[in-house]
Amino acid sequence: MTLPTPRYLPLGAIALTASVALVVTAAPATAQTTTAPLSTADNVEILLEAEVADTLGSSERSLTDSVIEDVLSERSTELSTLAAQDRDVRVDIREADHDSAFGVAIVTAPEVEGEEPYAWLFAAEQDGNGWDVGLEGTEEFSQLLAGSGLMDTEQRETVAASTDPDQLSPMAYTGVGLPFSIGTSMIMTGGPHGFSGGPPYSSVDFAGGNGQARAARGGYAYSLCTGWTRVIHDNGYSTDYYHLEDYQWLPGNNVGTGHYLGTQGNSLCAGGSTTGAHIHFALRGYTDPNAAGWYVALNGRTLGGWTFVEGANYGGYAYRNGVGNVYPGGSMYNYGF
């Protein structure tokens with residue numbers, strides 16, 4: 001005969017049983033500790049149309065988290081650090097099918113002098129392990145974009161090839177004009193300076209003339225936000241145009257040299273500051289695998305027929321043989337390229 005289980009246990013057994021129970025029940029509490037998705041942080045903004053959201057479905061959050069991870073890695077920072085600097089991460093998903101996506105990622109800047117935003121196009125592909133993401137200027141970006149079914153074939157292949165550091169070679173010839181119509185002039189209000197205050201001195205500011213910003217060379221034009229355009233050229237460079245108003249939204253249009261982009265302005269769609277309406281014009285390059293998809297120094301490069309020489313931030317000058325030098329505050333004529 002099987003003896004019944006005792007209803008009561010000795011006091012020592014009760015204490016031991018309770019102790020074991022505490023140990024057993026405490027372990028799962030530690031195992032359940034999880035990290036909140038990056039996309040839920042207060043300084044993250046997600047933009048996408050309803051159609052794109054429907055296409056991505058439940059994978060939208062994991063895609064956004066993967067893009068943010070790549071941005072943080074590229075900038076060697078954390079979301080908490082950016083938040084302390086009053087910077088946000090903006091993920092704008094422009095196109096998607098069930099296993100590919102394309103868009104714009106921006107690290108915004110506080111609206112104070114000396115602070116500037118950063119932006120990249122991104123391409124992504126989903127597999128069984130999640131989303132692989134490549135930021136513009138990396139080999140991964142070009143491979144993911146080329147292998148996707150997004151965009152039309154010519155745009156996809158051209159942009160992928162034009163931003164792939166493995167397919168490009170450094171060139172002494174820049175082949176880029178100035179950010180206003182060939183055959184016209186504007187005032188160079190700021191000489192070579194950094195996009196974020198420090199080197200490389202990749203940017204110059206222009207104002208005056210008829211005030212219109214125009215593509216310095218043909219290429220595929222992407223509005224990063226309302227007032228900031230990037231044109232990816234077919235020669236290993238791209239050009240940025242910021243602070244624009246009377247703005248033309250361009251979601252990847254194939255534009256020619258001199259295409260209208262907007263007018264000089266004070267737009268701060270991604271942060272930063274202005275002290276007056278102007279065009280902030282910057283040169284980016286893809287030929288250096290160690291700095292691909294990033295701003296390149298203007299020093300010694302010829303744009304619009306002028307060779308730029310850097311000095312102090314916003315100083316320096318540009319020269320053209322047989323014409324002379326132009327210093328900040330001087331008028332510059334666009335000879336084209």
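Hydrogens, waters and symmetry mates are skipped; everything else that's a heavy atom, side chains included, is used.
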(Q) I need the minimum non-hydrogen distance between P165 and T138, along with the two atoms involved. (A) CD-C, 4.2 Å

Q. With a 4.5 Å limit on heavy-atom distance, are the side chains of V133 and E69 in contact?
A. no

Q | Smallest separation among heavy atoms of M151 and Y222, with atom names | A | CE-OH, 3.8 Å

Q) Is there a side-chain contact between D132 and E140, using heavy atoms and a 4.5 Å cut-off? A) yes

Q | Polar side chain donor-acceptor pair, Y237 to R301, under 3.5 angstrom | A | yes

Q | CD/E78: more than 12 non-hydrogen atoms of other groups inside 6.0 Å | A | no

(Q) Let me confirm one number: the CZ-CD distance from F180 to Q264, rounded to the nearest 0.5 Å. (A) 11.0 Å

Q. Within 45° of the axis and under 6.0 Å from the centre of the six-membered ring of Y295, does NZ or CZ of R284 qualify?
A. yes

Q: Any disulfide bond (SG atoms under 2.5 Å apart) involving residues 220-274? Give me the pairs, sequence neighbours left out, ordered by first then second residue.
A: C225-C269

Q) Passes side chain to side chain contact (heavy atoms under 4.5 Å, CB included), E154 versus Y220? Steps please. A) CA-CA 11 Å; E154 182 179 355; Y220 285 93; 3.6 Å; yes

(Q) Do S39 and D65 pair up side chain to side chain, a donor and an acceptor below 3.5 Å, judged on atom types alone? (A) yes

(Q) For the backbone of G194 and the side chain of S202, can you confirm whether one donor and one acceptor N or O come within less than 3.5 Å of each other? (A) no

Q. Hey, any chance Y201 and Y317 share a hydrophobic cluster, counting ILVMFWY side chains that come within less than 4.5 Å of each other, even indirectly?
A. no

Q) What residues, two or more places apart in sequence or in another chain, satisfy side-chain hydrogen bond (donor to acceptor under 3.5 Å, both in side chains) together with T307? A) T302

(Q) Parallel, tilted or perpendicular: which one describes the rings of W249 and Y247, with boundaries at 30° and 60°? (A) perpendicular

Q: Looking only at non-hydrogen atoms, find the nearest pair between S223 and Q248 and report the distance.
A: OG-O, 3.8 Å

Using residues 41-49 as the side-chain source, report each donor-acceptor pair under 3.5 Å to any protein atom, sequence neighbours left out, with the distance given to one decimal.
from, atom 1, to, atom 2, distance (Å)
N43, ND2, L79, O, 3.1
N43, ND2, R87, O, 3.2
E45, OE1, R90, NE, 3.1

Q) Would a 4.5 Å heavy-atom cut-off, applied to side chains only, mark T158 and N254 as touching? A) no

Q: Keeping to residues at least two apart or across chains, list the salt bridge (Lys or Arg N to Asp or Glu O under 4.0 Å) pairs with something in residues 91-107.
A: D92-R94

Q: Assess whether side chain to side chain contact (heavy atoms under 4.5 Å, CB included) is satisfied between T77 and V107, documenting all intermediate values.
A: CA-CA 11 Å; T77 190; V107 176; over 6 Å; no

**Q.** Side-chain (T257) to main-chain (G218) donor-acceptor, under 3.5 angstrom
**A.** yes

Q. Atom OG1 in T287, atom CG in D164: separation rounded to 0.5 Å?
A. 12.0 Å

Q.
Side-chain heavy atoms nearer than 4.5 Å, only ILVMFWY residues, links allowed to pass through others: does that put F281 and Y260 together?
A. no

Q: Could you list who else is in Y173's hydrophobic cluster, with ILVMFWY side chains joined at under 4.5 Å, directly or through other members?
A: F337

Q: Indicate, with yes or no, if L298 and I187 share a hydrophobic cluster defined by side-chain heavy-atom contacts under 4.5 Å among Ile, Leu, Val, Met, Phe, Trp and Tyr.
A: no

Q. Would I279 and I182 show up in the same hydrophobic cluster when neighbours are defined by side-chain heavy atoms closer than 4.5 Å?
A. no

Q) Between H280 and S203, is any side-chain donor less than 3.5 angstrom from a side-chain acceptor? A) yes

Q. Got a second to check how far D70's CG is from L135's CG, nearest 0.5 Å?
A. 5.0 Å

Q: May I ask you to decide if S267's main-chain N or O and H243's side chain share a donor-acceptor pair within less than 3.5 Å?
A: yes

Q) Any sub-3.5 Å donor-acceptor pair from N266's side-chain atoms to A277's backbone N or O? A) yes

Q. Say you draw a straight line from CD1 of I93 to CG of L63; how long is it, rounded to the nearest 0.5 Å?
A. 4.5 Å

Q. Any luck finding a side-chain donor-acceptor pair between Y241 and T239 under 3.5 Å?
A. yes

Q.
Is it the case that the side chain of S59 and the backbone of L56 share a donor-acceptor pair, with hydrogens and angles ignored and the cut-off at 3.5 Å?
A. yes

Q. Can you tell if the side chain of V71 reaches within under 4.5 Å of the side chain of W120, non-hydrogen atoms only?
A. yes

Under 3.5 Å, which donor-acceptor pairs link side chains of residues 122-130 to any protein atom two or more places apart or in another chain?
from, atom 1, to, atom 2, distance (Å)
Q126, NE2, H98, O, 3.0
D127, OD1, N129, N, 2.8
D127, OD1, G130, N, 3.3

Q. Is the W306 ring parallel, tilted or perpendicular to the Y335 ring (thresholds 30°, 60°)?
A. tilted

Q | Heavy-atom closest contact (L145 atom, A160 atom, distance) | A | CD2-N, 4.0 Å

(Q) If you define the side chain from C-beta out and look only at heavy atoms, does anything of N235 sit under 4.5 Å from V176? (A) yes

(Q) Could you report the tightest heavy-atom contact between G316 and Y327, atom names first, then the distance? (A) O-CD2, 3.8 Å

Q. In Å and rounded to the nearest 0.5 Å, what is the OG1 to CD distance from T108 to Q85?
A. 10.5 Å

Q.
Quick check for you: to the nearest 0.5 Å, what is the distance between D152 atom CG and E157 atom CD?
A. 9.5 Å

Q.
Is it the case that the side chain of T163 and the backbone of V159 share a donor-acceptor pair, with hydrogens and angles ignored and the cut-off at 3.5 Å?
A. yes

Q: Keeping the roles fixed (side chain from T64, backbone from E60), state whether a donor-acceptor pair exists under 3.5 Å.
A: yes

Q: Decide yes or no for P117 and W228: does some side-chain heavy atom of the first lie under 4.5 Å from some side-chain heavy atom of the second?
A: yes

Q. Do Y319 and V309 have side-chain heavy atoms sitting under 4.5 Å apart?
A. yes

**Q.** Full working for side chain to side chain contact (heavy atoms under 4.5 Å, CB included) between T174 and L283
**A.** CA-CA 10 Å; T174 308; L283 182 69; 4.1 Å; yes

Q. Just wondering, do M188 and P328 contact through their side chains at under 4.5 Å, heavy atoms?
A. yes

(Q) Please tell me whether L121 and L144 are part of a single hydrophobic cluster in this structure, the criterion being side-chain heavy atoms less than 4.5 Å apart. (A) no

Q: Please lay out, stage by stage, how D205 and H193 fare under the test side chain to side chain contact (heavy atoms under 4.5 Å, CB included).
A: CA-CA 9 Å; D205 294 338; H193 57 280; 3.4 Å; yes

Q | Which atom of Y286 lies closest to which atom of S162, heavy atoms considered | A | CD1-O, 3.6 Å

